[in-house]
Amino acid sequence: MSYEKLTPRSQDFSAWYNEVVQRAELADYAPVRGCMVIRPYGYALWENLQKELDRRFKATGHKNAYFPLFIPLSFIQKEAEHIQGFSPELAVVTHGGGEPLAEPLVVRPTSETIIGYMFKQWIKSYRDLPVLINQWANVVRWEMRPRLFLRTLEFLWQEGHTAHATEEEAEEEALRMLNIYVDVAQNEAAIPVIAGRKSESEKFAGALRSYTIEAMMGDKRALQAGTSHNLGQNFAKAFEIQYLDKNNQLQYCWTTSWGMSTRMIGAIIMTHGDDQGLILPPRLAPIQVIVVPIWRSGNQDEKAKVLESVERIKRVLGETVRLEVDAREEYTPGWRFNEWELRGVPVRIEIGPKDIQNHQVVLARRDTREKITISQDQLAERVPALLDNIQKNLFERAKRFRDENTIELSDYAKFKEFMEGEGSRGFVRAYWCGSRECEAKIKEETKATTRCIPFEQPKSPGRCIYCGKDAKEQAIFAKAY
RNA sequence: CGGAGAGUGGCGCAGUGGCAGCGCGCUUGGUUUGGGACCAAGAGGUCGCCGGUUCAAAUCCGGCCUCUCCGACCA
């Protein structure tokens with residue numbers, strides 16, 4: 001590990017981001033362009049996020065299953081908008097076992113089609129509904145410009161797929177799952193998000209309506225952190241997912257799909273990190289507390305006493321918090337402090353000869369880098385409370401940052417000025433008439449896209465920021481990842 | 001696919017035709033340890049690939065490949 005300082009966030013955000021990902025050992029570049037290796041520390045973070053999502057999916061009645069990686073090309077082509085949206089980024093297998101394949105196989109970019117095909121086999125009656133399925137999987141999209149965690153050719157995610165008897169049920173499901181994403185993003189990842197509907201041009205290829213949660217990153221750009229789609233009957237019709245209702249009438253199902261990916265790890269890094277490196281929200285941090293013992297070398301007695309206290313700390317906290325000890329003698333305390341700050345551990349416990357003497361420890365919190373000295377007797381009470389406090393603080397801090405960088409505008413000249421130049425100055429809330437033309441013009445002229453039409457809207461209607469015509473709703477505009 | 005930059009020990013770089021180097025990391029020994037310690041001795045390289053020029057190429061010429069960053073596209 002090098003001694004070199006990270007590139008400051010303010011100087012070059014993407015250099016900072018790449019350095020943090022690699023030096024914190026979250027991930028590394030793979031030998032194939034656009035592919036990455038998720039290292040144990042990064043994977044542990046993903047597993048914690050998975051647990052929180054999975055728990056909520058199961059609590060709302062969903063069951064996990066697994067569908068194949070390969071999809072017949074013809075499946076993808078069945079839904080018109082779907083193939084249009086995905087064909088540019090498909091990885092296609094043309095040979096197998098040394099022979100050309102009769103029909104090329106697509107490596108799944110998402111699984112609506114193959115799951116739709118299976119739903120057709122499984123669903124016959126209204127009694128079979130709803131079908132509530134989730135799968136944890138990898139998917140492949142041949143992206144032009146990859147970026148660690150945010151956009152890689154292969155990524156990990158969960159994709160939920162459900163089938164319902166009525167439009168209302170499907171709509172309710174899509175919103176229910178979006179709310180779970182809001183909950184996980186805000187309460188686990190400490191990332192404030194704006195929930196809303198995607199515009200027609202930004203919605204999922206083949207969906208009736210797409211819902212999204214949008215977050216603001218540390219460079220004020222927007223990141224889509226999760227999506228949920230009401231697919232209407234589009235896929236049901238393409239794959240003939242039909243059931244007989246109570247009146248013996250054949251009906252098409254209403255389906256949904258929803259996903260959250262390893263991109264969330266990128267969101268966590270870019271929302272909370274600082275010039276020292278990563279800052280992980282306690283609830284998802286693989287290591288919540290790192291203990292750094294300190295002693296003078298050659299003083300065996302002192303070392304024994306310090307390590308004895310460390311054992312006591314482990315006994316007191318080991319059951320309730322994810323705790324590790326870094327007792328490496330080849331690194332000075334200062335080196336270890338920096339190392340664990342780079343890796344984003346929320347709380348550090350420093351314990352050395354002075355502390356032993358006074359029966360105390362030093363707690364250093366990662367978010368504010370503040371140090372507090374407490375009695376060892378208070379550990380069991382103070383450490384979990386501190387973790388909670390950090391979790392809250394991270395969320396509040398990120399929310400404040402987002403709100404400070406969100407502006408409501410009604411004048412297009414001001415809008416343009418706000419979006420001008422490289423980088424981003426934040427989110428704009430503005431009335432928008434809903435037309436594709438205005439949206440496209442705005443994008444062309446400012447590089448800002450509609451991120452979502454938030455559920456929370458002002459009471460009164462207004463005038464479109466671009467064309468000035470009547471507009472029922474406001475949209476969030478921003479430069480996005 | 002357009003624009004920019006880079007490929008030389010694990011990482012970061014220097015090296016404009018003549019012995020392949022520096023810093024960090026790594027190994028060993030010793031001294032250290034409350035905010036990125038120090039000393040000493042080591043290990044580690046077909047200089048991205050192919051071809052050409054030359055007595056001689058990391059260096060010059062031609063071609064190719066790869067990666068990163070910025071744009072178009074996207075979870």
Side-chain angles (χ1 to χ4, degrees), chain A residues 1-7 12-15 17-19 22-23 28-35 84-90 109-110 138-159 181 198 201-202 204-205 210 212-215 222-229 257-267 276-277 292-299 302-303 306 327-342 348-357 360-362 364 369 371 373 422-423 443-444 447 449 479-481:
Chain A
M1 190 67 36
S2 140
Y3 276 175
E4 274 166 59
K5 282 225 176 342
L6 287 168
T7 301
D12 183 343
F13 195 82
S14 47
Y17 177 81
N18 285 324
E19 288 171 25
Q22 289 176 83
R23 287 180 48 187
D28 212 342
Y29 288 107
V32 179
R33 180 196 76 93
C35 293
Q84 233 189 337
F86 281 103
S87 61
E89 50 188 52
L90 292 179
T110 178
N138 57 341
V139 286
V140 169
R141 299 180 186 180
W142 217 262
E143 300 289 355
M144 293 301 164
R145 205 155 78 70
R147 210 157 144 63
L148 291 168
F149 285 113
L150 301 178
R151 199 183 306 106
T152 46
L153 298 202
E154 178 189 3
F155 60 92
L156 303 183
W157 74 347
Q158 58 68 217
E159 46 180 326
Y181 292 150
K198 278 288 185 192
S201 59
E202 295 275 335
F204 177 75
S210 285
T212 177
I213 54 172
E214 297 286 326
L223 184 82
Q224 177 174 316
T227 44
S228 181
H229 316 290
S257 68
W258 26 275
M260 188 176 260
S261 72
T262 40
R263 174 181 256 200
M264 269 300 277
I265 294 172
Q276 304 300 315
V292 179
I294 301 155
W295 60 80
R296 282 169 296 207
S297 78
N299 191 334
E302 189 171 281
K303 178 178 173 180
V306 170
R328 291 177 294 179
E329 290 188 72
E330 63 269 34
Y331 295 111
T332 61
W335 195 95
R336 285 176 282 165
F337 295 170
N338 281 291
E339 172 74 1
W340 292 108
E341 283 179 9
L342 170 66
R348 178 176 68 244
I349 298 182
E350 302 171 14
I351 179 157
K354 275 185 273 176
D355 306 304
I356 301 293
Q357 211 165 39
Q360 65 185 30
V361 295
V362 174
R369 303 186 77 217
K371 289 195 187 191
T373 302
E422 288 302 303
K443 183 175 177 182
E444 196 184 305
K447 287 178 185 165
T449 52
K479 291 182 185 168
Y481 274 96

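Excluded from the calculations below are hydrogen atoms, water molecules and symmetry mates; all remaining heavy atoms, backbone and side chain alike, are included. Please read these numbers as outputs of a predicted model, since none were measured by experiment. First the proteins, then the strands, lettered A, B, ... as listed; each starts at 1.
Aromatic pair F86(A)/F204(A): ring centres closer than 6.0 Å.
Looking at residues two or more places apart in sequence or on another chain, you find no ring-ring contact (aromatic ring centres under 6.0 Å, His included) involving Y181(A). For K371(A), the salt bridge (charged side-chain N to carboxylate O under 4.0 Å, His left out) test picks out E350(A), with sequence neighbours left out. Residues satisfying the side chain to side chain contact (heavy atoms under 4.5 Å, CB included) criterion with S297(A), sequence neighbours excluded, are absent altogether. Residues that satisfy the ring-ring contact (aromatic ring centres under 6.0 Å, His included) test with F155(A), not counting sequence neighbours, are W157(A). Under the salt bridge (charged side-chain N to carboxylate O under 4.0 Å, His left out) criterion, K303(A) pairs with E329(A), not counting sequence neighbours. Residues passing the ring-ring contact (aromatic ring centres under 6.0 Å, His included) test with Y29(A), sequence neighbours excluded: none. Residues passing the salt bridge (charged side-chain N to carboxylate O under 4.0 Å, His left out) test with R328(A), sequence neighbours excluded: D326(A). The ring-ring contact (aromatic ring centres under 6.0 Å, His included) check on W340(A) picks up nothing, with sequence neighbours excluded. Under the rule for a salt bridge (charged side-chain N to carboxylate O under 4.0 Å, His left out), E89(A) has no partner lying at least two apart in sequence or in another chain.
Nearest to the side-chain atoms of Y331(A) among the listed nucleotides C70(B), C26(B), U33(B) stands C26(B). Across G34(B), U33(B), C26(B), the shortest atom-to-atom separation from the side chain of E350(A) is found for G34(B). Comparing U33(B), G36(B), G35(B) by their closest approach to the side chain of R23(A) singles out G36(B).
The separation between L6(A) atom CG and G12(B) atom C1' is 14 Å, rounded to whole Å. When rounded to the nearest whole Å, the span between CD of E341(A) and C1' of G35(B) equals 8 Å. Remark: P of G25(B) and CD of Q22(A) are 19 Å apart, rounded to the nearest angstrom. Here the P atom of nucleotide G36(B) and the CZ atom of R328(A) are 16 Å apart, to the nearest Å. We find that CD of E329(A) is positioned 13 Å from P of G34(B), with the value rounded to whole Å. Rounded to whole Å, atom C1' of G30(B) lies 15 Å from atom CD of E330(A). Taking atom CD on Q357(A) and atom P on G34(B), their separation rounds to 16 Å, with Å as the unit. Distance CD (E339(A)) to C1' (U33(B)): 16 Å, rounded to an integer number of Å.
Atom name C1', nucleotides C69(B) and U32(B): the rounded distance is 42 Å, in whole Å. Annotation: G29(B) and G17(B) have their P atoms spaced 45 Å apart (nearest Å). Comparing the same atom, C1', in U16(B) and in A58(B) gives a spacing of 11 Å after rounding to whole Å.
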Are any protein N/O atoms closer than 3.5 Å to N/O atoms in nucleotides 71-75 of chain B? If there are, list each pair with its distance.
from   : atom 1 : to      : atom 2 : distance (Å)
G71(B) : OP2    : R145(A) : NH2    : 3.2
G71(B) : N7     : R145(A) : NE     : 3.4
C73(B) : OP1    : K443(A) : NZ     : 3.3
C74(B) : O2'    : E143(A) : OE2    : 2.8
C74(B) : O2     : R151(A) : NE     : 2.4
C74(B) : N3     : R151(A) : NE     : 3.1
C74(B) : N3     : R151(A) : NH2    : 3.0
A75(B) : O3'    : Q224(A) : NE2    : 2.7
A75(B) : O2'    : R263(A) : NE     : 2.8
A75(B) : O2'    : R263(A) : NH1    : 2.4
A75(B) : N6     : T152(A) : N      : 2.9
A75(B) : N6     : T152(A) : O      : 2.7
A75(B) : N3     : S261(A) : OG     : 3.2

Polar-atom pairs under 3.5 Å, protein N or O versus N or O of nucleotides 66-68 of chain B: list them with distances, or write none.
from   : atom 1 : to     : atom 2 : distance (Å)
C67(B) : OP1    : R33(A) : N      : 2.9

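Here V362(A) lies in heavy-atom contact (under 4.0 Å) with a base. Residue R348(A) is classed as a base contact, given a heavy-atom separation below 4.0 Å to a base. Backbone-only engagement by S14(A) is indicated by non-hydrogen atom pairs under 4.0 Å involving sugar-phosphate atoms exclusively. When heavy atoms are screened at a 4.0 angstrom cut-off, G352(A) is found touching base atoms of the nucleic acid.
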Could you write out RNA chain B as a dot-bracket string, with dots for unpaired bases, | for bases paired across to another strand, and Watson-Crick or G-U pairs counted at under 3.5 Å? ((((((((.[[[[.)..(..]]]].((((((.....)))))).....[[[[[..)....]]]]])))))))....
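One finds the CG atom of L6(A) at 5.5 Å from the CD atom of E19(A) (value rounded to the nearest 0.5 Å).
In the interface, the side chain of K371(A) is not paired with the base of G34(B) through any donor and acceptor atom under 3.5 Å apart.
The minimum heavy-atom distance linking G85(A) with A205(A) is given by the pair CA-CB, 3.8 Å.
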Let me see the working for E341(A) and R348(A) under side-chain contact (heavy atoms from CB on, under 4.5 Å), right down to the final yes or no. CA-CA 9 Å; E341(A) 283 179 9; R348(A) 178 176 68 244; 2.9 Å; yes
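An OP1 or OP2 oxygen of A37(B) is reached within less than 4.0 angstrom by a side-chain nitrogen or oxygen of T332(A).
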